[in-house]
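The next block holds one structure in the form of structure tokens; read it before the comments.
Because the structure is a prediction, the values reported are computed rather than measured. Here is the naming used below: chain letters follow the sequence lines, and residue numbers restart at 1 for every chain.
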Amino acid sequence: MAIQIYNTMSRRKENFEPLNPPNVTIYNCGPTVYDRFHIGNARNFIFMDMVRRWLEYRGFTVRFVQNLTDIDDKIINRARAEELDFRAITGRYTAAYFEDAGRLGVRPADVHPKATEHIGDIVKLIQRLIDRGLAYEAGGSVYFSVKSFKPYGKLSGRKTEDLLEGARVEVSAEKRDAADFALWKAAKPGEPKWDSPWGPGRPGWHIECSAMAMVELGETIDIHAGGIDLSFPHHENEIAQSEGATGKPFARYWMHNGFLNIDSEKMSKSLGNFLRADQILERWPAAAVRHFLLSGHYRSPLDLSENAMEDSASAVKRIQDGIETAEKLLELVSGKTTDGETDETRELRERVETAMDDDFNTPRALAVLFDAVGLIHETRKQVEGDGEERLAAIGRLSALLAFVREFAEFFGLTASIGASTADKLVEPLMQLLIETRALARKRKAFDVADMIRDRLADIGISLEDHPQGTIWKRKE
RNA sequence: GGAGACGUAGCCAAGUGGUAAGGCGACGGACUGCAAAUCCGUUAUUCGGCGGUUCGACUCCGCCCGUCUCCUCCA
């Protein structure tokens, strides 16, 4: 069964067939580095990183490119406000991007191209569009002529006429049509600028993605992705620029994730109702944030709330506890585990694969993971019991543990496990305390036993008594 | 005005033309010296409303109500 991907262009799920299997090229529209990104941006980063990993899991060789927009109005404004060179701003927030993304478990792309490092490629592409009669120079700026590109609007389902009637687009005497958009912006006094055949200026927003995607991935890429708000005008314009210049399809699959809402409204910088990723990470573990973002289908809107985060934190705890309990229990009873699969885990794996192959249905895949955790606890009882079945149960438990661990890691839900590397002294000291408490309990000195447990609880360690012995865990 | 998405239990959220996954929460029980963890049971005769198609719809069609998004920078 092939992987199915919902293509915004066709508005339906399609079988995924890359241009040159097993290679897959992905271009994801990255952040403008004028501020730390918010949790809504993170939804896209985390999701696309997971798409990349799922394709790798499925045997594809993925080349993943995500740009960093490092020149635009917002950056210039911020630089002005702070009285700094714009490069100081982009440098600071580029570093912040990698820091926050890393904490969220998002891998760096294979390449993170920057607009300012591709001015030459951008200029060449603009020239190509002028040569083809699709763009024109006016007053030192260059505009794309929307009317001369017939398929304009095919991604977002818009008609050029409607756009012109909308008339909410930027009015400019230089443009032949209101819907035309800038490829090259003539420099105003004091703005960063680069030389070009049309005079000093800087690239427009949309052109960098076309130019860099082509340079890094070729004229036709497999998957182009971004938030749904980018479908128009950004992606529409990219198509116009790229296909206008090459005459080839720009991207085979367009993937757009839904918004992250807060109080049922889109979270956005302009509305001011956003929460930065670094802020949310101060309060919640990365694993909980990831669970929350993956708990809904990527194309649906997701509503962030205190309650939703609490639910996710509890849900993640169930998985992590399941893993930890199984690990420690296996150590307690046998000291060694095997990683072999069983019919049971093969079936679970198949369910995850079916869910993920179906347009990356993470909620369904997570449900399988929770089912597996349930099976761990069921098996645990057999391991704790006596008799014949115990040996078989140990094998079953190890297989389930390996399965849950594999996919919990795949989805990034184990992030906080082992986050603090335990001092070598901790384990033997814990054993000492556990043995002391066991002795106290045996002698019915429950006040002593409870004191040990309570004091450990105070410092963040919980004890669980099992028939085979006592397990300790760190709390959050 | 144009384009589109969505409306499933207390909350979050999958799903299918054949009789409702999973998570969180709640309640009852088991286990425990007491806990914690876990387990068992209960928690949507019903999928925004009204019609229609069908042997049968939550799933298909129509209308209505409600929420949201895009059409302007935005993941």
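- Between rA9(B) and rG15(B), the distance separating the two P atoms is 16 Å to the nearest Å.
- Mapped onto RNA chain B by nearest heavy atom, Tyr34(A) and Tyr6(A) fall at different nucleotides, with Tyr6(A) at the one closer to the 5' end.
- Residue Asp73(A) is classed as having no contact, given no heavy-atom separation below 4.0 Å to the nucleic acid.
- Between Lys328(A) atom NZ and rA37(B) atom P the separation is 16 Å, expressed in whole Å.
- Judged by Watson-Crick or G-U wobble contacts below 3.5 Å, the nucleotide rG25(B) has rU43(B) as its partner.
- In this structure, Leu260(A) places its CG atom 13 Å from C1' of rC68(B), rounding to the nearest Å.
- When heavy atoms are screened at a 4.0 angstrom cut-off, Ile471(A) is found touching no nucleic acid atom at all.
- Shown here are the ring-ring contact (aromatic ring centres under 6.0 Å, His included) partners of Phe403(A), two or more places apart in sequence or in another chain: Phe407(A).
- Here the shortest heavy-atom pairing between Ile323(A) and Leu401(A) reads O-CD1, 3.6 Å.
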query = How does protein contact run along nucleotides 22-33 of chain B, one letter per nucleotide 5' to 3', with B for base contact, S for sugar-phosphate only, - for none, heavy atoms under 4.0 Å?
reply = SBSS-------B
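- Contacts of Gly296(A) with the nucleic acid, taken as non-hydrogen atoms under 4.0 Å apart, involve only primed sugar atoms and P, OP1 or OP2.
- rA5(B) is paired with rU67(B) under the Watson-Crick or G-U wobble criterion, all donor-acceptor distances under 3.5 Å.
- Between rG4(B) and rC40(B), the two C1' atoms lie 46 Å apart (nearest whole Å).
- Rounded to a whole Å, the CG atom of Asn361(A) is 10 Å from the C1' atom of rA13(B).
- Base contact: Leu463(A) has a heavy atom under 4.0 Å from a base atom.
- With both ends at atom C1', the span from rC11(B) to rU69(B) equals 24 Å, rounded to whole Å.
- In this model, no donor atom of one side chain and acceptor atom of the other lie less than 3.5 Å apart for Arg12(A) and Ser10(A).
- Using C1' as the reference atom, rU54(B) and rC65(B) are 26 Å apart when rounded to the nearest Å.
- With sequence neighbours excluded, no residue satisfies salt bridge (charged side-chain N to carboxylate O under 4.0 Å, His left out) with Lys114(A).
- Comment: Asp359(A) does not engage Lys13(A) in a salt bridge, judged by the lack of any side-chain N to carboxylate O separation of less than 4.0 angstrom.
- Nucleotides rC58(B) and rG49(B) place their C1' atoms 14 Å apart, quoted to the nearest Å.
- Atom name P, nucleotides rG48(B) and rG10(B): the rounded distance is 14 Å, in whole Å.
- Taking the nucleotide of RNA chain B with the nearest heavy atom to each of Arg299(A) and His206(A), the more 5' of the two is matched to Arg299(A).
- Nucleotides rA35(B) and rC68(B) place their P atoms 47 Å apart, quoted to the nearest Å.
- Look at rU32(B): it lacks any Watson-Crick or wobble partner with both distances under 3.5 angstrom.
- For rA36(B) and rG28(B), the P atoms lie 14 Å apart once the distance is rounded to whole Å.
- Residue Met267(A) is classed as a base contact, given a heavy-atom separation below 4.0 Å to a base.
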Listing, residues 447-454 of chain A side-chain donor-acceptor contacts under 3.5 Å, not counting sequence neighbours, or none:
none

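- Remark: Arg80(A) engages no residue in a side-chain hydrogen bond (donor to acceptor under 3.5 Å, both in side chains) (not counting sequence neighbours).
- If you check rC58(B) for Watson-Crick or wobble pairing at under 3.5 angstrom, you find it has no partner at all.
- In this structure, Phe232(A) atom CZ and rU72(B) atom P are separated by 6 Å, rounded to whole Å.
- In this structure, Trp254(A) places its CH2 atom 19 Å from P of rC70(B), rounding to the nearest Å.
- His297(A) comes within 4.0 angstrom of the backbone, heavy atoms only, and of no base.
- Atom CD in Glu464(A) sits about 12 Å away from atom P in rC39(B), given to the nearest Å.
- Atom CG in Asn261(A) sits about 13 Å away from atom C1' in rC70(B), given to the nearest Å.
- In this view, Asn261(A) and Phe259(A), Lys266(A), Pro301(A), Asp303(A) satisfy the side-chain contact (heavy atoms from CB on, under 4.5 Å) rule, not counting sequence neighbours.
- Side-chain atoms of Gln279(A) and His38(A) form no donor-acceptor pair, as typed in the model, at a separation below 3.5 Å.
- Counting to the nearest Å, the P atom of rU72(B) and the CG atom of Asp72(A) are 18 Å from each other.
- Nucleotide rA14(B) has no partner under the Watson-Crick or G-U criteria, as no pair reaches both atom distances under 3.5 Å.
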